[in-house]
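Note that these values count all heavy atoms, side chains included, but never hydrogens, waters or copies made by symmetry. Proteins come first, then strands; the chains are lettered A, B, ... in the order of their sequence lines, and each starts at number 1. If you're wondering where the values come from, they're calculated on a predicted model, not measured in any experiment.
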4 protein chains.
Amino acid sequence: MNKKLGRPRSEETKKSILTAAYELLSENGFNAVTIEGIAARAGVSKATIYKWWPGKAAVVLEGYFAATQLLMPIPDTGSVAEDLLIQVGNLSSFITSPKGKMITELIGAGQFDARIANEYRSRFFIPRRLISRGILERGIQRGELREDIDIELAIDILFAPLFYRLLITGDPMDNDFIKALIQDVLKGLTR
Amino acid sequence: MNKKLGRPRSEETKKSILTAAYELLSENGFNAVTIEGIAARAGVSKATIYKWWPGKAAVVLEGYFAATQLLMPIPDTGSVAEDLLIQVGNLSSFITSPKGKMITELIGAGQFDARIANEYRSRFFIPRRLISRGILERGIQRGELREDIDIELAIDILFAPLFYRLLITGDPMDNDFIKALIQDVLKGLTR
Amino acid sequence: MNKKLGRPRSEETKKSILTAAYELLSENGFNAVTIEGIAARAGVSKATIYKWWPGKAAVVLEGYFAATQLLMPIPDTGSVAEDLLIQVGNLSSFITSPKGKMITELIGAGQFDARIANEYRSRFFIPRRLISRGILERGIQRGELREDIDIELAIDILFAPLFYRLLITGDPMDNDFIKALIQDVLKGLTR
Amino acid sequence: MNKKLGRPRSEETKKSILTAAYELLSENGFNAVTIEGIAARAGVSKATIYKWWPGKAAVVLEGYFAATQLLMPIPDTGSVAEDLLIQVGNLSSFITSPKGKMITELIGAGQFDARIANEYRSRFFIPRRLISRGILERGIQRGELREDIDIELAIDILFAPLFYRLLITGDPMDNDFIKALIQDVLKGLTR
DNA sequence: TCCTAATCGAGACGGTACGTCTGGTCTTGAG
DNA sequence: CTCAAGACCAGACGTACCGTCTCGATTAGGA
């Protein structure tokens, strides 16, 4: 029952595949990436890629997240409004940057492949939700926010507009937009 | 200067192509649709399809919107909360129905092809925004809503969470969700 | 029972089709000619061409022979050898000229379409055979040739080598070749 | 400098392609053969065919010559007339047989594609010329033939009439024709 | 030191769809 | 009835990737 027989997997090969995948993604976009292209650029056989990943989406995803350091500073200024401004602002900056815009295509591809969707949910969205949850909970404890709010729903309301503009309307997101968004959500639309 | 030279375009052919495209879309999903498949089912030559549409996305889109009667009743109950409940509830029902779920894939495809995005924006989203704008404007006139709100932003905040769940988190949308969403947005999160 | 109903066939149209066909043949070769190309250049509808000719081969053939004045001077010098030298030499000059080389392709096409073969046989080969037959018959009458020869066979023997080189070996044909050919055929190979 | 990298070419695949090409050629003629048809019958991908051959002509040609055992018995009876009777007779039998008649179409296609022409020249015609050259040289050595004849020209004169009838006039070739042909060429047409 | 088993490159292969092209037919309305 | 315009079906073209497969050449640890 020896598990270590045979030639071990080459870490270098893996790295070069992920690098190639990421480069091709950022150069030409998700659709233009092909397994053959990755293999060629990485100096690797197609079979090797298929050995370790089920398909193009998986390699590209992994390449993307391996290359993308997701800095997530946890704001804690003592004010919900301030914290959210920082947190939402950071996300907004990220998703309008070149790296962030690739997320657009990955979400697009995720509509056709549940594995992709799972990947970016667990890698990208869930970690951020945890931070947001912390911000809101502190706000409740400090008495800034109502005690009866559904935190998950609140997070949806706060962040959804960013992706709505990104994925659907294509409208731009500037600082004023972020400020107005948070103010409106906190204060409500009614008098 | 006679514009009516030559054999006129066959409306029947056009219809059968769009029908075939829509059927294949609903049976197998966007990715599985092929021009060859459409041509075969419609009993039409591939060349005819390429004559009139630049590619698969365009045919499928047009087939989808031709087949989808977008009922958009305009609610006007005298209460913003009521009107929004109806309007957001209708949309929610639609996008969780089989027909509506195809929108998911179309938006996904729209991330790779701006023409698709333009299509569903102008055909699907813009008409709905007009209705929502009406609801909110009446709310302002009646004094239910603050006078200083940015209506476009408000619409984003109200509808974005639906698509956020649909496209990204995959969380379900029930009636309670809709109610809580509208209440939160109207009242705000603060005490 | 009026036979002259409707618009009469336009001779001009016919002419422009044949001209276009011939031009395209000489510019790009038989294979590159298409009915669509002829129609475009002649400013004519494809249907019109199909109305009057069964297919591309027929139009091109007719265009070729309409444009090619087949000068066939009938040599009668009083000597079989002289007459043949002129007759075979003329043919050789013709089939190695640009116009003549098209014959090559027409014969090639004739291998796939019996109608083409019939056309060039009756238009090109039979008329020439008549002349050759005259030459040989006069030779027999003058006692230059044996009385028992099969004239048809003799014609084959005299002319076949030209086409053999043209169609199969690709070897060149100069004056010496023609002279030697006729001499050999007349004298025989034996001592 | 290792030449044996990668999966080796499958001989079986190659064989099935050539067989399919030959079968389709003999069933329907050269023009009706398509790469798609060959691929389908051979149970092979089109890409594989294009990998190894530049186009239909090349595959069909190779399939034809692979399937056609070109028996070329070398006659040596001690008499030029006898030897030629056998040699020309053999060729005549071959080119009027079903297999041989396909040559007709290949030569036809050769008028449009020099690669085809090269192929049948080197595979079919040159080997036969060598034999004929041997026959004639022996005839000269034995004193049956004149010493000053141009052997290449003589071969043309002897064989060209067969192809002239085959490709151009369509006239039949029986035994008497062969006999008369050889007699005439050997004796000459003059008294 | 050799053995064993897995990994890796190269690249052939069957498939499938692409978007283009031409052939030949059909449908208008004008002449 | 003829014709130009041009839509239409049919089907092959040659290309691009897919995902699988066969090779032979490595590359370890264990015998």
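At a non-hydrogen distance threshold of 4.0 Å, B:T34, B:I35, B:E36, B:K46, B:A47 from residues 24-49 of chain B come into contact with DNA chain E. Listed by residue number, the members of residues 9-16 of chain B with any heavy atom below 4.0 angstrom from DNA chain F are B:R9, B:S10.
Residue A:W52 has a polar side-chain atom (N or O) positioned under 4.0 Å from OP1 or OP2 of E:dC8. Look at A:R7 and you'll find a side-chain N or O under 4.0 angstrom from OP1 or OP2 of F:dT27.
We find the CG-CG distance between A:L25 and A:L18 to be 12.0 Å, quoted to the nearest 0.5 Å. The line from NZ of D:K14 to CH2 of D:W53 is 6.5 Å long, rounded to the nearest 0.5 Å.
Both D:G55 and B:G6 lie near DNA chain F, and the one whose nearest nucleotide falls closer to the 5' end is B:G6.
Annotation: side-chain hydrogen bond (donor to acceptor under 3.5 Å, both in side chains) contacts of B:R123 (sequence neighbours excluded): B:E119. With sequence neighbours left out, B:K46 forms a side-chain hydrogen bond (donor to acceptor under 3.5 Å, both in side chains) with B:E36. For the salt bridge (charged side-chain N to carboxylate O under 4.0 Å, His left out) test, residues two or more places apart in sequence or in another chain that qualify with D:R41 are D:E23, D:E27.
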In residues 100-108 of chain A, what donor-acceptor pairs under 3.5 Å come from side-chain atoms, sequence neighbours left out?
residue, atom, partner, partner atom, Å
A:T104, OG1, A:K101, O, 3.3
A:E105, OE1, A:F30, N, 2.6

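The distance between atom NZ of B:K56 and atom C1' of E:dT16, rounded to the nearest whole Å, is 13 Å. One interatomic measurement links the two molecules: CG of B:L5 to P of E:dT28, which rounds to 14 Å at whole-angstrom precision. Rounded to an integer number of Å, the gap from C:K51 NZ to E:dC26 C1' is 14 Å. Atom CH2 of C:W53 is separated from atom C1' of F:dC3 by 13 Å (rounded to the nearest Å).
Side-chain contact between B:N118 and B:R121: present, with at least one pair of heavy atoms (C-beta onward) separated by less than 4.5 Å.
Residue B:R9 places its CZ atom among more than 12 non-hydrogen atoms of other residues, nucleotides or ligands, all under 6.0 Å distant.
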